[in-house]
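Written out below as structure tokens is the structure these notes cover.
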There are 2 protein chains.
Amino acid sequence: MTSITGMTQDELDRNETVTLIASDKVEGTPVYNAEGEKLGSVDKLMIDKRGGRVSYAVMAFGGFLGLGESYHPLPWEVLTYDTELEGYVVALTREQLEGAPRYARGDEPVWTDRAYEQSIHDYYGSSPRMMML
Amino acid sequence: MTSITGMTQDELDRNETVTLIASDKVEGTPVYNAEGEKLGSVDKLMIDKRGGRVSYAVMAFGGFLGLGESYHPLPWEVLTYDTELEGYVVALTREQLEGAPRYARGDEPVWTDRAYEQSIHDYYGSSPRMMML
């Protein structure tokens, strides 16, 4: 049986283990809220080159909340993988997502701006990983 | 001007900063040896889910050394980005690459096997990150 990604179930299984997951499997994975409603999907990961850590998963939320498609950088810690839903769950309320840092397609933020990163972490109450190194 | 990836130079610039790089930019990036010879390209990253760290970059080496295409998981630390080459450089000799752990397409290793991970790190003299957490 071949999945919509073109990979067989066996190949999918080999791409995700207890501890390791392939980047090309993360991209495109659906994202749900705590109520199990689909919000969107993972667009890409932002990786800290020096430390080799995943700093953010950028979520594409398509037309959610009456907005056009928008991209929300979420700290990796905010995501939980749900094996039943076969997707990530972000335990954020509608209000939290409405106010969250986001950008439109073609209007990518200046990732070099540490104040921008700080604003994300301030919002989610997490710590910028780059500053911990 | 649009690159072969379909992104404009401006979009490319926004995808790579001093500290952060997008996962979809890493995938497909060429890989060179210390002499500047192209060896292959990045196929995907293997990410430690719990710690959110990039454990390995899996390199696809196409027909290199007279072998068929093979996939080499390299510890992230082994890679250096070269801005002139616009690719990663792995400072490994031909002999080191010939003996390195690798697999063929469709014959992906059992990533859950810690002994497999240990064999990679033993080869490159690095430390499995999952064991450091």
Side-chain angles (χ1 to χ4, degrees), chain A residues 7-8 10-29 42-58 71 73-81 88 103 105-114 116-117 120 126 128-131 133, chain B residues 7-8 10-29 42-58 71 73-81 88 103 105-114 116-117 120 126 128-131 133:
Chain A
M7 289 194 282
T8 64
D10 185 53
E11 284 173 324
L12 284 172
D13 291 344
R14 283 166 188 245
N15 266 322
E16 182 173 1
T17 69
V18 176
T19 52
L20 292 172
I21 189 166
S23 54
D24 59 359
K25 186 163 185 226
V26 178
E27 294 155 7
T29 299
V42 179
D43 183 52
K44 64 183 177 185
L45 304 174
M46 294 301 295
I47 294 160
D48 173 18
K49 284 187 279 189
R50 284 178 300 186
R53 300 196 78 143
V54 178
S55 292
Y56 310 99
V58 179
Y71 297 84
L74 301 179
W76 180 254
E77 303 80 34
V78 175
L79 306 176
T80 306
Y81 189 79
Y88 291 98
Y103 58 89
R105 179 176 287 281
D107 189 28
E108 197 141 336
V110 179
W111 291 102
T112 40
D113 180 0
R114 291 201 173 202
Y116 178 73
E117 286 206 66
I120 297 171
S126 54
R129 295 185 149 189
M130 54 193 290
M131 295 184 182
L133 294 174
Chain B
M7 289 194 283
T8 64
D10 185 54
E11 284 172 323
L12 285 173
D13 290 344
R14 284 168 188 243
N15 266 322
E16 182 172 0
T17 70
V18 176
T19 53
L20 293 172
I21 188 166
S23 54
D24 58 0
K25 185 160 187 230
V26 178
E27 293 155 6
T29 300
V42 179
D43 183 53
K44 64 183 176 185
L45 304 174
M46 294 302 294
I47 294 160
D48 173 20
K49 283 188 278 190
R50 285 178 299 187
R53 301 196 77 144
V54 179
S55 292
Y56 310 101
V58 179
Y71 297 84
L74 301 179
W76 180 255
E77 304 79 34
V78 175
L79 307 176
T80 307
Y81 190 79
Y88 291 99
Y103 58 89
R105 178 176 291 279
D107 189 28
E108 197 141 337
V110 180
W111 291 102
T112 40
D113 181 0
R114 291 201 174 202
Y116 178 73
E117 287 207 65
I120 297 171
S126 52
R129 294 186 150 189
M130 52 193 293
M131 294 186 182
L133 295 173

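Throughout, protein chains are lettered first and strands after them, A, B, ... in sequence-line order, and every chain is numbered starting at 1.
Scanning all heavy atoms of the two residues, the minimum distance from A:Leu45 to B:Ile47 falls at CD1-CD1, 3.3 Å. Closest of all the heavy-atom pairs between A:Glu27 and B:Asp24 is OE2-N, 3.9 Å.
Here CG of A:Leu20 is found 5.0 Å from CE of B:Met46. Values are rounded to the nearest 0.5 Å. The distance from the OG atom of A:Ser55 to the CD1 atom of B:Ile21 is 12.0 Å, given to the nearest 0.5 Å.
Taking the side chain to side chain contact (heavy atoms under 4.5 Å, CB included) definition, one finds that A:Thr29 meets it with A:Val42, A:Tyr81, A:Tyr88, sequence neighbours left out.
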